[in-house]
Amino acid sequence: MSEVLPKYLQLSQRVIRILGCNPGPATLQGTNTYIVGTGKRRILIDTGEPNVQEYIDLLKSSLAKHSIDIQEIIITHWHHDHVGGVDGICKAFGTKFCTSKIKRESAADLSLLETSYNFIKDKQIFTTEGATLKAYHGPGHSEDHMVLKLEEDGAVFSGDTILGGSTTIIEDLYQYMQTLQDILGLEPTVIYPGHGPVIDKPLEVIKYYIKHRHDREQQIIKFLQESPDKEFTAMNIVFGVYKGVPENVFAMAAQNVTLHLQKLQKENIVESSDGKLWKIVSKQSNM
């Protein structure tokens, strides 16, 4: 059984975790939101979902417990369980908090009624008493996703790129694998994820994520190389590669295979004319 997370917990001298009170299949025990700093005004990372009064009350009581206020808000990415609570927080506190995130390119960001976005760039630095946060654009889970490094502790807030005790949904595997390498390069001492418990051995976990994806990719390449002149659907590849997997996860496995194929297409290892039928690029067949 997974660790039961308390709704409020002081994780370190500089970090308090407050659960978003929005448990569910996609959010696990809820969205992790974090208060960062040591002074009277601190940074809030992520805000949970819209209209969760229990979370607003919990946030208020947690701030009151330490006699502190919110300095500003940082959003790791556009998904509603991270950005959705912004308006409610601004309304509850009667303040138009500066709310920073990386801008979405493919579609408009969720509109805010109570404040406006401060769109930032890669490597933006945020400071508050006792804490320096550096933002790193890390797409893959979503195009606008960023992780934040707490410089004083070497801790990384991973958003939904790396979750505690669960795998994450991926939008672009090519970008996602690069982001994992980038986070590895930050050499985090600990990871504070967007959902799930704290990751105390982050380098081991990141290396496992990378190895697992690499091993699966090699299986897919080998399968296609064995029939270099044939085209296959993602589901054909599932049957060839995912041995002993129960039928109820076939669809999810096919989605994973598709993500790998799209990545391999960007690397000119596989090709497809319609995004449905795939084959190895001819020069690969003799490798």
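As the structure is a computational prediction, the values presented were derived from the model and not from experiment.
Using cut-offs of 30° and 60° on the angle between ring planes, the pair Phe250 and Phe239 is perpendicular. Classified by interplanar angle (parallel below 30°, tilted 30° to 60°, perpendicular above 60°), the ring pair His212/Tyr208 is parallel.
The shortest distance between side-chain heavy atoms of Thr33 and Thr47 does not fall below 4.5 Å. Using a 4.5 Å heavy-atom threshold, the side chains of Gln219 and Tyr242 count as separate. For the pair Glu217 and Ile221, the minimum side-chain heavy-atom distance is below 4.5 Å. With a 4.5 Å cut-off on side-chain heavy atoms, Leu11 and Val190 do not count as touching. For the pair Lys230 and Lys279, the minimum side-chain heavy-atom distance is 4.5 Å or more. With a 4.5 Å cut-off on side-chain heavy atoms, Ile162 and Leu180 count as touching. Side-chain contact between Gln10 and His66 is present, with heavy atoms from C-beta onward closer than 4.5 Å. Contact check for Leu133 versus Ile125: no side-chain heavy atoms found under the 4.5 Å cut-off.
Ser272 places no side-chain N or O within donor-acceptor distance of the main-chain N or O of Trp278, the cut-off being under 3.5 Å. Of the possible donor and acceptor atoms, one in the side chain of Glu143 sits under 3.5 Å from a partner among the backbone N and O of Ser106. A side-chain donor-acceptor contact under 3.5 Å links His195 to the backbone of Thr27. Side-chain atoms of Asn256 never come within 3.5 Å of backbone atoms of Ala253 as a donor-acceptor pair (strictly under, hydrogens ignored). At least one donor-acceptor pair closer than 3.5 Å links the side chain of Thr99 to the backbone N or O of Phe97. Side chain of His77 to main chain of His82: no donor-acceptor pair is present (N/O by atom type, distance under 3.5 Å, no hydrogens or angles). When atom types are taken as modelled, the side chain of Asp87 and the backbone of Glu114 share a donor-acceptor pair closer than 3.5 angstrom. The backbone N or O of Leu186 sits less than 3.5 Å from a side-chain atom of Lys149, completing a donor-acceptor pair. A side-chain donor-acceptor contact under 3.5 Å links Thr189 to the backbone of Asp153. A donor-acceptor pair is defined here as one N or O able to donate and one able to accept, closer than 3.5 Å; no such pair exists between the side chain of Thr128 and the backbone of Ala131.
Other residues, nucleotides and ligands contribute over 12 non-hydrogen atoms within 6.0 Å of the CE atom of Met235. For CG of Asn51, the number of neighbouring non-hydrogen atoms (other residues, nucleotides, ligands) closer than 6.0 Å is 12 at most. The local environment of CZ in Phe223 is crowded, with over 12 non-hydrogen atoms from other residues, nucleotides or ligands closer than 6.0 Å. Other residues, nucleotides and ligands contribute only 12 or fewer heavy atoms inside 6.0 Å of the CD1 atom of Ile169. Counting heavy-atom neighbours within 6.0 Å of Lys65 NZ, excluding the residue itself, gives a total of 12 or less. Annotation for Glu187: atom CD does not count as buried by contact number, only 12 or fewer foreign heavy atoms lying within 6.0 Å. With a 6.0 Å radius and a threshold of 12 heavy atoms from other residues, nucleotides or ligands, His214 has its NE2 atom at or below the threshold.
One hydrophobic cluster holds both Ile70 and Leu112 under the rule that ILVMFWY side chains link at heavy-atom gaps under 4.5 Å. Side-chain heavy atoms closer than 4.5 Å link hydrophobic residues (I, L, V, M, F, W, Y) into clusters, and following such links, possibly through other members, connects Ile35 to Ile73. In this structure, Ile43 is not a member of the same hydrophobic cluster as Ile75, with clusters built from ILVMFWY side-chain heavy atoms closer than 4.5 Å. Connection of Val83 to Ile74 is not established within any shared hydrophobic cluster, with ILVMFWY side chains joined at heavy-atom distances below 4.5 Å, either directly or through further cluster members. Both Leu184 and Met177 sit in one connected hydrophobic cluster of ILVMFWY residues. Membership requires side-chain heavy atoms under 4.5 Å apart, directly or through other members.
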Candidate pair Leu44 and Leu59, rule side-chain contact (heavy atoms from CB on, under 4.5 Å), full reasoning: CA-CA 10 Å; Leu44 175 64; Leu59 180 61; 4.3 Å; yes
Residue pair Asp69, Thr95: steps toward the side-chain contact (heavy atoms from CB on, under 4.5 Å) verdict: CA-CA 11 Å; Asp69 294 313; Thr95 305; over 6 Å; no
Criterion side-chain contact (heavy atoms from CB on, under 4.5 Å) on Asp182 and Val147, from CA distance to verdict: CA-CA 10 Å; Asp182 292 345; Val147 302; over 6 Å; no
side-chain contact (heavy atoms from CB on, under 4.5 Å) evaluation trace for Lys263 with Arg213: CA-CA 11 Å; Lys263 173 182 179 289; Arg213 292 286 178 180; over 6 Å; no
side-chain hydrogen bond (donor to acceptor under 3.5 Å, both in side chains) evaluation trace for Thr31 with Tyr55: CA-CA 10 Å; Thr31 304; Tyr55 173 70; over 6 Å; no
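Shortest non-hydrogen contact noted between Tyr176 and Thr161 is OH-O, 2.8 Å. Nearest heavy atoms, Phe157 versus Leu150: CE1-CB, 4.1 Å. In terms of heavy-atom proximity, Pro193 sits nearest to Val198 at CD-CA, 4.1 Å. When every heavy atom of Glu3 is checked against every heavy atom of Pro197, the shortest pair comes out as OE1-CB, 3.3 Å. Considering every non-hydrogen atom in both Thr127 and Glu72, the closest pair reads O-OE2, 4.4 Å. Heavy atoms only, all atoms of each residue included: Val156 and Pro188 are closest at CG2-CB, 3.6 Å.
Once rounded to the nearest 0.5 Å, the distance linking OH of Tyr174 with NZ of Lys266 reads 7.5 Å. In this structure, the separation between CD1 on Ile18 and NZ on Lys7 is 12.5 Å, given to the nearest 0.5 Å. Note that CG of Asn22 and CD of Glu54 are 9.5 Å apart. Values are rounded to the nearest 0.5 Å. Atom CD1 of Ile45 and atom CE of Met146 lie 8.5 Å apart (nearest 0.5 Å). Interatomic distance, Thr76 OG1 to Lys101 NZ, rounded to the nearest 0.5 Å: 9.0 Å. Summarising the geometry, atom CD belonging to Glu271 is positioned 8.0 Å from atom CD belonging to Glu231; distances are rounded to the nearest 0.5 Å.
For the side-chain contact (heavy atoms from CB on, under 4.5 Å) test with His141, the passing option among Thr179, Asp160, Leu163 is Asp160; the others fail.
Cation-pi geometry between Arg14 and Tyr34 is not met at under 6.0 angstrom from the ring centre and within 45 degrees of the axis.
Salt bridge status for Arg41 with Glu129: absent, with no side-chain N to carboxylate O gap under 4.0 Å. By the 4.0 Å N-to-carboxylate-O rule, Lys222 lies close enough to Glu226 to be salt-bridged with it.
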